[in-house]
Amino acid sequence: MEKIIVRGAKEHNLKNVNLEIPRDKLIVFTGISGSGKSTLAFDTIFAEGQRRYLESLSSYARQFLGQMKKPDVESIDGLSPAISIDQKTASHNPRSTVGTVTEIYDYLRLLYSKIGLPHCLDCGRAIQQLTIDQIVESIIDEFNGQEVMIFSPVVRGRKGEYHTLLNDFYLKGYAKARVNGALVALGERIVLDRYKTHTIDILMDAVIATVENMGRLFEAVEFATGNAEGNVLVASKSSGSSKLSLSRTKKKNSLEPSAYNLEPQTERLYNLKLACPYCNLSFPEIAPRLFSFNSPYGACPTCTGLGIKKEIDPELIIPDKTKTIEEGGILPDSYSQFNYYGSILRSLADHYHLPSNRRIKDLPKETLNAILYGAEDPIPLRVKYYMNGRPRVFKTRFPGLIPLLEERYQKTESDTVRSDIEAYMSSSDCPTCHGARLKPEALAVKVSTQSIVDIAQQSIASAYQFFQTLPAILNARQTLIADRILKEITNRLKFLVNVGLEYLTLSRTANTLAGGEAQRIRLASQVGSALTGVLYVLDEPSIGLHSRDNAKLLETLKHLRDIGNTLIVIEHDEETMREADWLVDIGPRAGKHGGTIIASGPPEQVIKHPTSLTAQYLRGERSIPVPEQRRRPRKNSLIIRGAREHNLKNIAVEIPLGVLVCITGVSGSGKSTLIEDILYPALAKKLHHANTRAGLHTTIEGIEHIDKVIVIDQSPIGRTPRSNPATYTGMFTPIRELFAATKGGRIRGYGPGRFSFNVRGGRCEACQGDGVQKIEMQFLPDVYIPCDVCAGKRYTSETLAITYNDKNIADVLAMTVEEGYLFFKDIPQIADKLNILNDVGLGYIELGQSATTLSGGEAQRIKLATELARRATGRTFYILDEPTTGLHFEDIHKLLSVLERLVDAGNTVLVIEHQLDVVKTADWIIDLGPEGGDKGGSIVAQGTPEQVAKMKQSYTGQFLKPLLKQ
């Protein structure tokens, strides 16, 4: 079939959708946030494609893969095996890295195990394991035509007299030896100082290195390696010296030169074993597992391959030295005058006779060190504390807070205690491997002076350049072995560069990647697999990508299409829509007002659609306007000085207050490092006494001009189905109080708790307030059915009998925000919050809608609405990281109006963003770059959008300029 035909799709909010889309094309689904794009693409088309593939497997295989629910759709024809690449599949395992996810690291391990050259850990010399034949061939190649002496190095830098050893070799028929560099006759008396180190080499033969003498060379090398544990030393004379005259002695195996005072010009030590012949240091077998930080054979034993160690951090134990012990200056999250730690600290204060008003910064240094690390002799304490309200007294010897916490952390079996102690721990590079994750032996194996960690810690762009030049410096044997491996590595690195990830390193842990980065890494892996006939479903792959790199991503998507795959991409990026083969617009609005196909066809056809919101923006009939006048910053500002975390180049950044500030720059330029790793932790620690640690910087000035800092991100508002917009915004409490205050509620003596589905009393106990019951099926997926007791309403019939304006509590939770506003318009405490939710474009969501069903954009706008509902101080600092993720042009328009309201109230809003519609409306731009990774971390431009657009060195300015002209 040449088409994928969907009939009768009714999953979630889809309204019996029928759709025909071409196969082997790049298809873009777009529309308002919440209109049903993901439902159609992921929950219907992808889910059915994957389900059918799994059903084709045997029943034995299916029991390990799990079962998939059939989506609510009448039929889908023309489906292929489906692969989804969404933003939620990034690994949270700290052992997972960019290299392991893309399989590049697996190929690197294979490469290093096959052609890597080990080096001695002590002296740094290269170690080669050779056979006798290879040694002889090497001697002839290296010393061809020269006179060489073959020595057996029996003693290397050891103390002793060695009378017996030298005599034994003399009795075996060997005539000469080189002792401490001087050639001597073994028949003479040799006196050595037993307390000094000596080097003894027994002369096996002296011969001219030619093919004709290969037999003598083989014999000499064989005897030498047999006497010296696999080692043989070859020394050559200078080319201008006299020839060697050789004569056999009567003793067996003795080869005696007539010249005794030979001074060799060059030496070469060969080895049959994988060990350093100079240091006698053996080397483990070089196999791929030696380079794996997930294997005990290769992982650093100190950190077990994590590269970091968690240790108790004194700065987190004492975050604010201006406080006293009684004010919680030490262990602020655990201190209480009645608990164990509080009792210990009070006893310490008594022991050192510390006044209760003595600030920690005024304590003597010796006293503070004793409290943290303990004294030379453990401090005897008489501790009084309370258990179950009763005083208890015990005596102990105090070892120091840090040793005490470390001991409890190692020995406790309680997750709660472990979690409490982890609040005072910070991660730092492992003291043994310094973040390399591997044993020293693995780091000593090199390919062209580079260890495997050197490659992994380079940017992908640098690694790609290294592997492009590597074949030119390999010998014929290495080239033959490494050819296919190098092709796989360079291809995968090239794909990562093509999707705009050249600034990442292969050692970067997967759990630190943004959603868009993780998705593009998986996309690059799929390109590398070169599958054909597959249906790929992607969720906004352009997230976190600067406009400069968008063309590279589109080329990658088109490559997947051209090799015979179908791509369905959920996307709001204008360039991607225009470059698609087929465009599907879903709407017209969100939630219950969406779920309909507005337009479907080639982009040039969809753009002409009269009622499509997307088409109106693409035609330019609707647009996000440039502000007529920019706000002027206040006289006060925040100044970050000496920012040098990660790739930041010791920069000073001034952030004006009271305006909308946009941090821009290409991916990997240091935006998140500056704001999320330095600025936010520092502000949270200073303003809210948070137990956080800021990245490397000198100081931050101007914090006194703000009173609180709030991060509004796209993380879920709750992790369980019980969390919903009503509970998060705080409106559910007055709603419950309203029902408790009704006549029926007062007659029955119900309090607000009666109307909670989280506690016993009013909730249905059959489903414990969930509204559904899980039926476990042995050979089928678990089935969730409405609770047969409460019919999915969560509450008991007695609770549901209480009504307000003919609606019970379950009816209220089923209302949309729009319906709820009309219903509660006379109750300001509830109506105000609902009105703000409506203003931010969430009028379609239900008050009791499960938090797990909300998109990232919806969760973020709920958080914004909650902030708007609070009383403004005019001195709040808001931080948003890419708030336009998942948002349509119309949604961005609404988001900007909300941000404008926050700024108009006197607050400062700082946005990390690539979306140019947001950038052009900012009052101030700080552009970082010029590139990503090591080539970034500097300020390229700052000022108003008009000023930045004039700066030729700014990529952001180049793309901003045409928008401002429009």
Side-chain angles (χ1 to χ4, degrees), residues 108-109 111-132 134-135 137-139 141-143 150-160 178 180-181 197-202 221 224-236 264-293 295-302 430-457 470 473-475 477-478 481-482:
L108 281 178
R109 292 194 294 120
L111 179 74
Y112 271 77
S113 66
K114 297 303 178 187
I115 68 167
L117 184 63
H119 290 68
C120 177
L121 297 175
D122 284 349
C123 65
R125 292 185 177 94
I127 302 171
Q128 280 188 299
Q129 185 179 18
L130 302 170
T131 64
I132 293 178
Q134 288 174 320
I135 292 174
E137 288 176 8
S138 178
I139 292 171
D141 288 341
E142 191 168 341
F143 303 100
I150 312 297
F151 290 105
S152 179
V154 292
V155 176
R156 307 292 293 175
R158 298 204 306 267
K159 295 178 181 179
R178 191 173 65 175
N180 298 329
T197 57
H198 307 288
T199 298
I200 301 174
D201 305 316
I202 307 297
V221 170
T225 55
N227 290 320
E229 297 180 343
N231 295 322
V232 56
L233 180 66
V234 180
S236 74
Q265 299 298 306
T266 57
E267 289 187 2
R268 180 76 188 276
L269 190 62
Y270 296 95
N271 185 13
L272 292 179
K273 298 178 181 178
L274 200 58
C276 177
Y278 298 95
C279 308
N280 201 25
L281 195 68
S282 62
F283 213 84
E285 177 194 2
I286 300 180
R289 67 181 182 179
L290 178 67
F291 305 98
S292 172
F293 44 77
S295 164
Y297 294 99
C300 167
T302 305
C430 168
T432 303
C433 68
H434 305 290
R437 296 175 173 239
L438 297 172
K439 288 180 177 177
E441 291 84 352
L443 302 178
V445 180
K446 298 182 179 180
V447 172
S448 177
T449 73
Q450 300 282 315
S451 72
I452 194 169
V453 172
D454 293 334
I455 298 296
Q457 291 180 346
L470 182 62
I473 57 177
L474 296 180
N475 59 37
R477 178 178 174 273
Q478 290 173 326
I481 295 170

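Remember, it's a predicted structure, so these values are computed and weren't measured experimentally.
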* Asked: Donor-acceptor pair, Lys439 side chain versus Pro296 backbone, under 3.5 Å?
  -> yes

* To do: Mind checking the SG-CG spacing from Cys430 to Leu438? Nearest 0.5 Å is all I need.
  => 11.0 Å

* To do: For atom CD of Gln457, decide whether the heavy atoms of other residues, nucleotides or ligands shown that lie under 6.0 angstrom number more than 12.
  => yes

* Locate the shortest heavy-atom distance separating Ser451 from Lys446; write the atom from each residue and the value. => N-CG, 4.1 Å

* Asked: So do Val234 and Val221 actually touch side chain to side chain, heavy atoms under 4.5 Å?
  -> no

* To do: Please name the pair of heavy atoms, one in Pro153 and one in Ala228, separated by the smallest distance, quoted to 0.1 Å.
  => O-CB, 3.4 Å

* **CD1-CG distance between Ile455 and Leu108, expressed to the nearest 0.5 angstrom** => 7.0 Å

* Is it possible for you to check whether Arg178 lies under 6.0 Å from the centre of the six-membered ring of Phe151, through NZ or CZ, and within 45° of that ring's axis? => yes

* Partner residues of Asn180 under the side chain to side chain donor-acceptor pair (under 3.5 Å) criterion, sequence neighbours left out -> His198

* To do: Could you walk me through whether Ile135 and Leu272 pass the side-chain contact (heavy atoms from CB on, under 4.5 Å) test, one step at a time?
  => CA-CA 9 Å; Ile135 292 174; Leu272 292 179; 3.8 Å; yes

* To do: From the options Asn231, Ile139, Thr225, select the one residue that forms a side chain to side chain contact (heavy atoms under 4.5 Å, CB included) with Tyr270.
  => Ile139

* Asked: Which pair of non-hydrogen atoms, one from Leu269 and one from Arg156, has the smallest distance, and what is that distance?
  -> CD2-NH2, 4.4 Å

* For the student: nearest non-hydrogen atoms of Pro284 and Glu441, plus distance -> CD-CG, 3.7 Å

* Side chains of Cys433 and Thr302: closer than 4.5 Å at any heavy-atom pair? -> no

* Structure fact -> Here the pair of heavy atoms bringing Leu121 nearest to Pro440 is CD2-O, 3.5 Å

* Is there a side-chain contact between Tyr297 and Leu290, using heavy atoms and a 4.5 Å cut-off? -> no

* **Heavy-atom side-chain proximity of Ile452 to Arg109 below 4.5 angstrom** => yes

* To do: Just jot down the side chain to side chain donor-acceptor pair (under 3.5 Å) partners of Arg158, sequence neighbours excluded, or say none.
  => none

* Do the side-chain N and O atoms of Ser138 and Asp141 include a donor-acceptor pair separated by under 3.5 angstrom? -> no

* About how many Å separate CD of Glu229 and OG of Ser152, when rounded to the nearest 0.5 Å? -> 10.0 Å

* To the nearest 0.5 Å, how far apart are OG1 in Thr449 and CD1 in Ile473? -> 7.5 Å

* To do: Decide yes or no for Leu117 and Val447: does some side-chain heavy atom of the first lie under 4.5 Å from some side-chain heavy atom of the second?
  => no

* To do: Flag the pair Ile202 / Asn227 as yes when at least one side-chain heavy-atom distance between them is below 4.5 Å, and no otherwise.
  => no

* Heavy atoms only: give me the nearest Ala482-Ile115 pair and the separation to one decimal. => CB-CD1, 4.0 Å

* Asked: Would a 4.5 Å heavy-atom cut-off, applied to side chains only, mark Pro118 and Val445 as touching?
  -> yes

* Asked: Do Leu233 and Glu267 have side-chain heavy atoms sitting under 4.5 Å apart?
  -> yes

